[in-house]
Peer 1: 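Take a look at the following structure, please.
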2 protein chains.
Amino acid sequence: MADKAKVTIEDVARAVGVSRQTVSRVINKGPNVKESVREKVEEAIARLGYIPNLSARRMGGGRSFLILAVNDRQRTLENWQAGRGNDWVDQMLYGGMTECEKEGYHLVFELIDTDPQLAPVQLSNSIASLRPDGIILTPPHSDNEELARMLTNRGIPCARVGRSAGTDYVDVFMDENAAAAEAVRHLLRQGHSKMAFLAGSPEYGSSQKRVEGFRKALQEAGLEVEAGVVAKANFQFDTAAELLLEMLDAPDRPTGIIADNDEMAFAALHVADKLSLNVPDDLAIISFEDTPGVRFSVPPLTAIRQPTSEMIARACACLIDISRGKDAVGSYELPFRLIERATTGPRQPAL
Amino acid sequence: MADKAKVTIEDVARAVGVSRQTVSRVINKGPNVKESVREKVEEAIARLGYIPNLSARRMGGGRSFLILAVNDRQRTLENWQAGRGNDWVDQMLYGGMTECEKEGYHLVFELIDTDPQLAPVQLSNSIASLRPDGIILTPPHSDNEELARMLTNRGIPCARVGRSAGTDYVDVFMDENAAAAEAVRHLLRQGHSKMAFLAGSPEYGSSQKRVEGFRKALQEAGLEVEAGVVAKANFQFDTAAELLLEMLDAPDRPTGIIADNDEMAFAALHVADKLSLNVPDDLAIISFEDTPGVRFSVPPLTAIRQPTSEMIARACACLIDISRGKDAVGSYELPFRLIERATTGPRQPAL
DNA sequence: TGCTATCTTGTGAACGTTCACATACCCGAA
DNA sequence: TTCGGGTATGTGAACGTTCACAAGATAGCA
């Protein structure tokens with residue numbers, strides 16, 4: 001049965017003795033089909049192993065059952081080429097694929113340049129060839145207003161991940177500000193009164209918001225501004241290590257570090273080792289990101305887990321809803337989580 | 001220009017004053033088009049920003065410009081759910097997407113169950129809806145003869161990754177046997193004479209071949225069989241740690257460990273720390289896999305890098321060639337690489 | 001009973017390509 | 001000059017769906 005290739009809607013219609021349109025209505029769960037007919041059609045579909053042809057559906061109707069997820073070409077390729085891997089992409093695939101699969105959709109990945117000249121053209125081309133039912137923009141494309149506007153003009157639903165600004169699109173994000181504040185409070189509870197935030201790059205909206213949250217939380221705790229040092233290390237191991245080496249060798253050094261990504265947190269671990277600082281007794285470390293490798297660092301890193309896969313899953317769900325005619329436009333905030341491992345713990349009094 | 005949605009082949013034909021078929025010939029680089037006409041058509045395509053509609057091409061011609069990559073559902077989901085990530089999937093995406101993009105194809109991922117009942121049905125359904133031009137089977141699906149046969153019967157080119165057995169399909173692989181031997185030789189050169197292979201699971205063909213390579217290399221070096229211990233730890237941290245704790249606490253313990261994956265190598269690192277064995281002075285460790293996290297272990301792991309992204313890229317390239325009528329069926333062996341980091345080094349004489 | 005209003009079903013056209021085939025063109029050889 | 005044979009171009013049909021609309025069936029109400 002299922003082995004007979006190319007069962008078409010016409011075959012099903014003939015088997016039941018109805019027209020192709022009736023079968024089509026059953027497939028699309030349309031109204032106005034007598035219950036007894038619907039059952040017979042469904043039985044025949046199962047028996048013949050009929051699966052609708054996606055291309056034909058797209059040609060006839062307009063829906064392609066495809067969701068396109070767009071990533072930053074340069075950064076993604078750089079990560080791969082440097083052997084760093086792309087946990088972000090992996091997580092996107094997880095959330096996106098599982099959600100799409102549930103709904104009978106498919107996820108297609110695409111890299112496009114961030115160059116303002118190239119981005120719209122490349123996206124246009126992908127749209128023209130694939131005609132997806134929805135598009136997911138991730139940072140930094142999610143911050144590109146022009147792209148979102150273009151998509152809307154063409155009537156393609158668009159979801160932006162990692163920004164909370166809009167009302168016209170689907171926006172999915174976590175509260176970066178609150179996450180940073182939570183990290184600070186975690187360290188405060190464990191007795192730290194001087195800490196540093198190792199920031200990534202101000203080009204990333206998330207970085208900025210985390211810095212804000214960091215400062216606000218310290219202020220709310222009644223601590224001086226100097227109690228919170230902010231240093232910019234551009235997400236890189238080497239830059240971070242250099243900065244930290246100086247910072248942690250000083251007499252009034254911070255006793256807690258909050259790093260904007262795992263790589264810089266690893267740098268902190270590395271420097272602590274170099275300076276013979278025990279982690280977490282002499283130095284506590286919290287990372288943002290929580291890639292799989294952090295479980296195996298020595299000691300394993302305490303980290304804030306971004307809900308990456310959940311954000312993508314939500315984005316897909318909304319886009320699919322919209323393509324079905326529901327109104328799912330809006331902003332969705334997803335919860336982060338502080339995962340306590342071994343780089344934080346009760347502060348030991350200095351000897 | 002490029003902003004005008006929905007430019008069709010007919011628009012281009014009208015603009016140049018030729019028929020749609022002539023434009024089609026130009027797009028598909030077909031023969032029998034006068035050079036002057038070809039140029040005019042190409043100019044018009046660029047000017048109008050025409051991009052062929054994939055669904056229509058599929059309907060008309062038969063090619064979908066889609067490559068389907070199939071992974072083990074259970075194992076992949078487990079990895080994701082456990083927070084372990086799927087470096088394998090990430091690497092697949094890297095190799096597959098870049099290759100497909102170059103050729104104007106698209107890559108679609110799919111998870112299917114390994115259950116022998118479900119696998120063919122799920123694959124059938126995906127084929128029916130997507131009608132891909134080629135399918136990539138990864139372990140353990142690549143070892144499922146039935147799947148490959150079914151695809152051939154339906155005329156869908158199929159590439160199998162990670163096995164070297166066939167001649168009727170595209171098979172892409174690395175020499176696992178030689179890789180294990182290379183790891184052994186690396187340790188021998190550094191003065192080790194007793195070593196252990198921490199094997200994953202015999203269900204994986206690669207595991208078996210590595211054990212063979214391990215044994216053969218020791219034998220060729222003129223060492224006793226007892227010089228090479230093989231222990232099965234099922235790819236898991238805990239199981240490996242338990243085994244190693246016993247093995248490394250004995251008086252005639254091995255001084256070198258070769259682990260079948262990174263997770264078990266991390267376990268070795270963990271146990272060495274527990275037993276106060278210095279790595280690499282007291283214990284050398286080599287891992288198979290080389291996920292991004294190994295760079296940050298303390299010390300960073302020496303590892304054999306599988307050419308995952310390269311294998312997938314090659315598989316895509318072959319499938320695309322085949323869909324274009326070329327004969328690219330055959331076996332392709334890709335080189336692995338031993339990446340020396342800090343868990344191996346010249347053996348220090350015991351005190 | 002007859003006549004709408006609604007539910008149910010069917011029919012031709014359309015989507016944008018490529019395929020198979022037909023036709024027109026060109027060049028050289030008989 | 002005429003014919004053959006490749007080269008260049010165009011035409012109708014087909015792919016498998018859904019859409020828009022038409023038509024038949026059924027129910028509701030006077």
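Nothing here was measured: the structure is a model prediction, and the numbers come from that model.
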Peer 1: Considering heavy-atom distances to DNA chain C, does B:Pro52 or A:Gly17 have its closest nucleotide positioned more toward the 5' end?
Peer 2: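 Result: A:Gly17.
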Peer 1: Between B:Val37 and A:Thr8, which has a closest nucleotide on DNA chain D that is more 5'?
Peer 2: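 The 5'-side residue here is B:Val37.
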Peer 1: Go through the structure and list residues passing side chain to side chain contact (heavy atoms under 4.5 Å, CB included) with B:Glu39, not counting sequence neighbours.
Peer 2: B:Glu35
Peer 1: Whole angstrom is fine here: how far is it from CD1 in B:Ile45 over to P in C:dT17?
Peer 2: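 Between P of C:dT17 and CD1 of B:Ile45: 10 Å.
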Peer 1: Please check if the number of heavy atoms outside B:Glu10 that lie under 6.0 Å from its CD is greater than 12.
Peer 2: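 Result for CD/B:Glu10: enclosed.
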Peer 1: Can you tell me which nucleotide in C:dA13, D:dG10, D:dC19 comes closest to the side chain of A:Arg20?
Peer 2: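 Nearest listed nucleotide: C:dA13.
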Peer 1: Counting just side-chain N and O atoms, does A:Ser24 come under 4.0 Å of either OP1 or OP2 of D:dT18?
Peer 2: yes
Peer 1: Do you see a donor-acceptor pair shorter than 3.5 Å between the side chains of B:Asn71 and B:Trp88?
Peer 2: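 Indeed, the side chains of B:Asn71 and B:Trp88 share at least one donor-acceptor pair under 3.5 Å.
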Peer 1: In whole angstroms, how far is the P atom of C:dC19 from the CZ atom of B:Arg25?
Peer 2: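 Nearest whole value for this atom pair: 10 Å.
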Peer 1: Could you state the CE-P distance from A:Met59 to C:dT18, rounded to the nearest angstrom?
Peer 2: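 Spelled out: CE on A:Met59 to P on C:dT18 is 11 Å.
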Peer 1: Send over the distance from A:Arg38 CZ to C:dC7 P, rounded to a whole Å.
Peer 2: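 Spelled out: CZ on A:Arg38 to P on C:dC7 is 14 Å.
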Peer 1: Check whether any side-chain N or O of B:Thr22 sits under 4.0 Å from OP1 or OP2 of D:dA8, and answer yes or no.
Peer 2: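 Looking at the OP1 and OP2 atoms of D:dA8, neither is under 4.0 Å from any side-chain N or O of B:Thr22.
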Peer 1: To the nearest Å, give me how far apart CZ (A:Arg131) and P (C:dT17) are.
Peer 2: 8 Å
Peer 1: Expressed as a whole number of angstroms, how long is the span from B:Asn28:CG to C:dG16:P?
Peer 2: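 Nearest whole value for this atom pair: 17 Å.
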Peer 1: For the pair made of CD in A:Glu35 and C1' in C:dC7, what is the distance, rounded to whole Å?
Peer 2: 14 Å
Peer 1: I'd like to know if B:Arg58 reaches the base of C:dT17 with its side chain, counting only an N/O donor and acceptor under 3.5 Å.
Peer 2: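 Result: no qualifying N/O pair found.
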Peer 1: Kindly point out which of D:dT17, D:dG10, C:dG16 is positioned nearest to the side chain of A:Glu10?
Peer 2: D:dT17
Peer 1: Report the residue (A:Gln21 or B:Ser19) whose heavy-atom-nearest nucleotide on DNA chain D is the more 5′ of the two.
Peer 2: B:Ser19
Peer 1: Please tell me if the side chains of A:Arg160 and A:Glu145 come closer than 4.5 Å, counting only heavy atoms from C-beta onward.
Peer 2: yes
Peer 1: Considering every strand and a 4.0 Å limit on heavy-atom distances, what is the contact class for B:Tyr50: base, sugar-phosphate, or nothing?
Peer 2: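 Sugar-phosphate only.
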Peer 1: What does A:Gly61 touch in the nucleic acid at a heavy-atom separation under 4.0 angstrom: a base, only the sugar-phosphate, or nothing?
Peer 2: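 Sugar-phosphate, no base atom in range.
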Peer 1: Nearest whole angstrom, please: distance from the C1' of C:dT18 to the CG of B:Asp133.
Peer 2: 14 Å
Peer 1: OP1 or OP2 of D:dT9 sitting under 4.0 Å from any side-chain N/O of B:Asn32?
Peer 2: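 No, outside the criterion.
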Peer 1: Side-chain donor-acceptor pair under 3.5 Å between A:Tyr105 and A:Arg63, yes or no?
Peer 2: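 Checked: A:Tyr105/A:Arg63 side chains pair up, N/O donor to acceptor below 3.5 Å.
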